[in-house]
Amino acid sequence: MTEHGPVDLIHLADEENSVIVRVAGPTTGVLPWDGCLDVDIVVASEFAKGHLAEVCLLPEDLDDWAEALELLAEGQPVRWMDDGRNPEIRITPEGPYISRGEVLNAIEVVVRDTTVSLTSVCVVVRLPADWVDAQRVRLAQVRAAWPFGQS
């Protein structure tokens, strides 16, 4: 934990749906820090809520997220943490989506627990045009809080 507490690496939220990847800090346990950051993933909507704890981010996961942000900035879909070690997050920045007859300019986020429950949750989140830049700032905050998270 930083002196300010956990830091959100990913925060995708509107009035109805959200996907948050919150970094608590280095893994604590019997062994000294092993280069892993403890993370919670929380997905919430009026329809479904999910929480995955004990997710471990390695330095290469942060590098992969930086690369994913570059693809998202180009409008490309991404799959992050798709190595089978952690839950997989897929983001599709395409749309528009239709809800209640209204066209939504939104992204689709799927979180799939590929390691334990084999459950997935899909939410559509309406975000401002600069949402990728906001996620880049969050990544920089995580790396500043825990510099060992950089490779």
Side-chain angles (χ1 to χ4, degrees), residues 1-28 36-146 149:
M1 238 195 258
T2 67
E3 58 192 53
H4 302 332
V7 177
D8 289 353
L9 173 64
I10 300 173
H11 191 102
L12 306 171
D14 61 22
E15 300 81 32
E16 297 173 4
N17 301 320
S18 64
V19 176
I20 298 170
V21 176
R22 183 165 291 142
V23 179
T27 300
T28 57
C36 176
L37 294 174
D38 278 338
V39 171
D40 289 330
I41 300 173
V42 180
V43 179
S45 75
E46 290 190 27
F47 179 74
K49 292 183 180 13
H51 177 243
L52 294 167
E54 300 180 15
V55 175
C56 171
L57 285 187
L58 299 173
E60 54 263 33
D61 294 321
L62 297 178
D63 295 340
D64 291 346
W65 179 236
E67 291 175 18
L69 288 171
E70 294 306 314
L71 292 171
L72 289 166
E74 297 171 5
Q76 300 292 320
V78 298
R79 292 172 58 164
W80 181 56
M81 296 194 303
D82 61 345
D83 58 6
R85 181 177 45 84
N86 280 321
E88 175 184 285
I89 297 178
R90 286 182 278 160
I91 301 174
T92 305
E94 298 171 2
Y97 299 95
I98 308 293
S99 175
R100 300 178 191 150
E102 178 185 347
V103 176
L104 305 176
N105 187 10
I107 65 168
E108 180 181 84
V109 184
V110 177
V111 178
R112 182 166 182 255
D113 181 9
T114 60
T115 58
V116 180
S117 70
L118 304 178
T119 302
S120 63
V121 177
C122 175
V123 295
V124 174
V125 184
R126 291 169 284 180
L127 297 170
D130 65 346
W131 71 272
V132 173
D133 290 334
Q135 301 316 301
R136 287 180 177 130
V137 169
R138 292 181 179 286
L139 174 58
Q141 290 170 337
V142 167
R143 286 183 160 164
W146 298 287

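No experiment lies behind these values; they were computed from the predicted model shown. For the single chain, residues carry numbers from 1 onward in sequence order.
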Just do the side-chain contact (heavy atoms from CB on, under 4.5 Å) check on Val55 and Asp40 with the steps written out, would you? CA-CA 6 Å; Val55 175; Asp40 289 330; over 6 Å; no

Go through the steps to decide whether Val39 and Ile41 satisfy the test side-chain contact (heavy atoms from CB on, under 4.5 Å), and finish with yes or no. CA-CA 7 Å; Val39 171; Ile41 300 173; 4.3 Å; yes

Quick one: do Leu127 and Ile107 satisfy side-chain contact (heavy atoms from CB on, under 4.5 Å)? Show the steps, please. CA-CA 8 Å; Leu127 297 170; Ile107 65 168; 3.4 Å; yes

Apply side-chain contact (heavy atoms from CB on, under 4.5 Å) to the pair Met81 and Thr114, showing each step before the final yes or no. CA-CA 10 Å; Met81 296 194 303; Thr114 60; over 6 Å; no

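Using a 4.5 Å heavy-atom threshold, the side chains of Trp131 and Leu72 count as touching. Using a 4.5 Å heavy-atom cutoff, the side chains of Arg138 and Arg143 are not in contact. Taking 4.5 Å as the limit, some side-chain heavy atom of Glu15 sits within range of a side-chain heavy atom of Arg126. Inter-residue side-chain proximity for Ile91 and Leu12 is flagged as met; some heavy-atom pair is nearer than 4.5 Å. Leu9 is listed as a side-chain neighbour of Leu62, based on a closest heavy-atom distance under 4.5 Å.
A donor-acceptor pair under 3.5 Å is absent between the side-chain atoms of Asp130 and the main chain of Asp133, judged by distance alone. Checked by atom type and distance alone, the side chain of Asp113 pairs as donor or acceptor with a backbone atom of Val116 at under 3.5 Å. No donor-acceptor distance shorter than 3.5 angstrom exists from the side chain of Glu88 to the backbone of Val111, with no hydrogens or angles considered. Under a 3.5 Å cut-off, the side chain of Asp8 and the backbone N or O of Ile10 do not form any donor-acceptor pair. Between the side chain of Asn17 and the backbone N or O of Val123, no donor-acceptor pair lies under 3.5 Å. Asn86 contributes a side-chain N or O that, together with a main-chain N or O of Cys56, makes up a donor-acceptor pair within less than 3.5 Å.
Of all non-hydrogen atoms in Trp146 and Pro26, the two that sit nearest each other are NE1-CD, 3.4 Å. In plain terms, the two heavy atoms of Trp80 and Trp65 that are nearest each other are NE1-N, 3.3 Å. Pro6 approaches Ala24 most closely through the heavy-atom pair CB-CA, 4.3 Å. Across all their heavy atoms, Val121 and Ala48 have their closest contact at CG1-CB, 4.3 Å. The two residues Cys122 and Glu108 make their nearest non-hydrogen contact at SG-CG, 3.4 Å. Considering all non-hydrogen atoms of both residues, Thr115 and Gly84 come closest at CG2-O, 3.0 Å.
With respect to Asp61 and Arg85, a salt bridge is recorded, a charged nitrogen being found less than 4.0 Å from a carboxylate O.
Note: Leu37 CG to Arg22 CZ = 15.0 Å, rounded to the nearest 0.5 Å.
The number of heavy-atom neighbours closer than 6.0 Å to CG of Asn105, taken from other residues, nucleotides and ligands shown, is 12 or below.
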